[in-house]
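What follows is a set of notes on a single structure, which appears directly below.
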Protein chains: 2
Amino acid sequence: MRNEEYSGWEDVRAEALRRIQSRAWAPGALIPSEEEFARELSCARTTVNRALRSLAEEGLLIRKRRAGTRVAELPQRAAKLNISLVAEEIRARGASPSHLCILQDSRPLPSHIAAAMSLPVAAPLIYVETLHLADARPFAFETRFINPQSVPAAREADFASVSANEWLLRHAPFNHGTLDYSARPAEAEAAEALGCAPQTPTLVLDRVTHGPEAAITWVRMAYAPDYHLTMKL
Amino acid sequence: MRNEEYSGWEDVRAEALRRIQSRAWAPGALIPSEEEFARELSCARTTVNRALRSLAEEGLLIRKRRAGTRVAELPQRAAKLNISLVAEEIRARGASPSHLCILQDSRPLPSHIAAAMSLPVAAPLIYVETLHLADARPFAFETRFINPQSVPAAREADFASVSANEWLLRHAPFNHGTLDYSARPAEAEAAEALGCAPQTPTLVLDRVTHGPEAAITWVRMAYAPDYHLTMKL
DNA sequence: TGAATTGATATGTATGCACAAATAAGAAGT
DNA sequence: ACTTCTTATTTGTGCATACATATCAATTCA
């Protein structure tokens with residue numbers, strides 16, 4: 001360990017970050033090559049590589065073979081959104097989660113949802129309505145279609161004890177999916193469940209998740225009017 | 001290269017992912033140690049480490065020293081949200097971005113915003129109202145406070161040509177910040193700018209960004225009623 | 001019995017080396 | 001001028017090795 005200060009890749013990363021934020025390395029400018037920087041900090045090139053790769057993954061650096069590494073002109077940092085489980089989200093807010101399975105049956109798919117799921121309208125899907133509560137206060141009203149072709153076991157599932165949300169994550173983890181947030185006036189059913197006036201603006205999340213072959217589920221979460229979706233940047 | 005199939009860490013990663021998704025490695029179960037797995041695939045432990053680390057970063061694996069690596073019980077994948085620049089967002093939707101700087105002055109900070117920015121109410125901040133357009137149609141109405149303490153150059157800036165959004169990203173990149181989405185009835189001014197009826201539900205984003213010392217800016221974006229925030233999962 | 005120590009084990013990381021891959025820039029040929 | 005080929009440079013990755021670090025588990029000691 002020749003240099004006490006830059007022994008690990010996280011130290012190298014921190015030093016590079018310092019130079020970026022202090023503008024010692026200007027936006028758009030070429031920074032020293034891995035080899036040079038390694039020599040300067042008396043560490044191995046591998047270590048520098050690890051550090052710079054980490055910064056590149058966060059969008060602060062742009063790296064190209066032969067062309068070198070540049071500081072991103074418009075450092076855009078991505079916010080991470082992790083809301084796969086409503087119950088977790090409620091717990092994270094310091095409240096105690098619970099849910100009521102209001103209704104569970106089987107019905108044909110409305111055409112606009114069929115399109116979102118890339119499924120034919122023909123076969124009926126499992127339909128579930130759930131009210132999520134935080135400390136016994138309405139938190140979100142969930143309407144969901146489940147494709148039994150993708151998850152046969154869902155026919156026999158009982159979503160009163162375990163929410164459909166969690167049940168599906170455990171039994172049919174998805175490969176990919178899409179999220180869609182919008183602001184919409186509360187529909188009659190949702191308004192009643194959430195205890196607010198109809199037409200009250202609510203934040204609505206539509207989520208479709210897909211398994212290896214076909215869509216697993218479509219879900220719409222209508223959040224209570226005071227809901228805020230917050231993220232760190 | 002003894003084994004054609006598992007030469008690189010991405011191949012190792014793919015194989016591990018296959019075993020997770022096929023449930024050959026059950027949720028919650030311990031998977032082989034790096035050494036074992038490396039032996040099985042005839043590659044170096046470093047390579048396996050790289051692959052498994054990548055899966056762990058995505059939340060599919062839980063790794064602990066001495067305790068080994070387990071498949072996450074509830075594989076939760078995070079959606080990435082990248083909306084630092086309105087203009088980019090509009091372009092990504094296939095439209096042509098433009099903006100109108102409606103008003104630019106200096107005024108005292110409302111107390112609830114002061115709280116969000118962790119600033120005293122006393123000193124007046126720069127205030128800017130902007131309408132963002134996509135193909136000449138209203139896209140979002142922006143109200144913004146800028147802290148001249150953090151960005152002195154903002155006093156002389158002209159936000160008619162370059163939007164405050166982009167100007168700030170170029171001149172005062174932030175260290176961290178918070179995002180807050182909610183659904184709110186359109187306020188009179190926003191409704192007029194967006195060309196919709198007052199009280200129409202709109203998706204509203206409140207964003208605070210901080211520099212190394214103090215807050216840089218607070219901005220509220222009220223999106224047009226047909227706006228959808230979409231992400232991949 | 002219970003707390004502290006010790007050892008074993010899996011992951012985390014640093015290093016030197018080699019080679020692969022991408023590509024910018026220059027050289028050569030038309 | 002224009003295309004094609006070559007070369008050099010930079011990042012990307014693999015491997016063997018060594019040691020660091022966290023932590024589970026057994027053992028020792030009070």
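Each chain gets a letter, A, B and so on, in the order the sequences are listed, and its residues count up from 1.
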Please write out each protein N/O paired with an N/O of nucleotides 5-8 of chain D under 3.5 Å, distance rounded to 0.1 Å.
| residue | atom | partner | partner atom | Å |
| --- | --- | --- | --- | --- |
| D/dA8 | N3 | A/R66 | NH1 | 3.1 |

**Report entry** Between D/dT10 (P) and A/I31 (CD1): distance, integer Å
**Finding:** 12 Å
Report task. Using a 4.0 Å heavy-atom cut-off across all strands, classify A/R45 as base, sugar-phosphate, or nothing. Result -> base
Query raised in the report: Would you say a side-chain N or O of A/K64 is under 4.0 Å from OP1 or OP2 of C/dA24?
Result: yes
Query - Nucleotide of D/dC24, C/dA24, D/dT13 approaching A/A67 most closely (side-chain heavy atoms) - result: C/dA24
Query raised in the report: Between D/dT13 and B/T46, is there an OP1 or OP2 to side-chain N/O distance shorter than 4.0 Å?
Result: no
Report task. Look at the aromatic rings of A/W167 and A/F159 and report parallel, tilted or perpendicular, splitting at 30° and 60°. Result -> perpendicular
Query raised in the report: How close or far is atom C1' of D/dA20 from atom CD of A/E10, stated in whole angstroms?
Result: 14 Å
Report task. Give the nucleotide from the list D/dT11, D/dT13, C/dG12 with an atom nearest to the side chain of B/E34. Result -> C/dG12
Query raised in the report: So how far is it from B/K232 NZ to A/T178 OG1, rounded to the nearest 0.5 Å?
Result: 9.0 Å
Report summary line: Of C/dT15, C/dA14, D/dT11, the nucleotide closest to the side chain of A/S33 is D/dT11
Query raised in the report: In whole angstrom, what separates A/R39's CZ from D/dT10's C1'?
Result: 13 Å
Query - Donor-acceptor pair, side chain of A/Q104 and main chain of A/A157, under 3.5 angstrom - result: yes
Query - Between P of D/dC24 and CZ of B/R70, the distance in whole Å - result: 10 Å
Query raised in the report: Just to confirm, is there a sub-4.0 Å distance from OP1 or OP2 of C/dG12 to any side-chain nitrogen or oxygen of B/N49?
Result: yes
Query raised in the report: Thinking salt bridges, do B/E10 and B/R50 make one under a 4.0 Å N-O criterion?
Result: no
**Report entry** N/O (side chain, A/R53) to phosphate O (OP1/OP2, D/dT11) under 4.0 Å
**Finding:** no
Query raised in the report: To the nearest angstrom, how far is B/L55 atom CG from C/dG12 atom P?
Result: 12 Å
Query raised in the report: Rounded to the Å, how far apart are B/D11 CG and D/dT13 P?
Result: 12 Å
Query raised in the report: Among C/dG12, D/dC15, C/dT15, which is the nearest nucleotide to the side chain of B/C43?
Result: D/dC15
Requested in this report: Return yes when atom CD of A/E57 has more than 12 non-hydrogen atoms of other residues, nucleotides or ligands closer than 6.0 Å, and no otherwise.
Outcome: yes
**Report entry** Whole-Å gap separating C1' (D/dT9) and CD (A/E35)
**Finding:** 10 Å
Requested in this report: Using atom types as modelled and distance alone, determine if a side-chain donor or acceptor of B/R18 lies under 3.5 Å from a backbone N or O of B/A24.
Outcome: no
Query raised in the report: B/T69 side chain N/O closer than 4.0 Å to the phosphate oxygens (OP1, OP2) of C/dT11?
Result: yes
Query raised in the report: Taking OP1 and OP2 of C/dA10, is either one under 4.0 Å from a side-chain nitrogen or oxygen of B/R63?
Result: no
Query raised in the report: D/dT13 C1' sits how many Å from A/L52 CG, rounded?
Result: 15 Å
Query - B/R144 side chain to B/T130 side chain, donor-acceptor N/O pair below 3.5 angstrom - result: no
Report summary line: Looking only at C/dG12, C/dG16, C/dT13, the nucleotide nearest the A/W9 side chain is C/dT13
Query raised in the report: If you draw a 6.0 Å radius around CD in A/Q21, do more than 12 non-hydrogen atoms from other residues or ligands fall strictly inside?
Result: yes
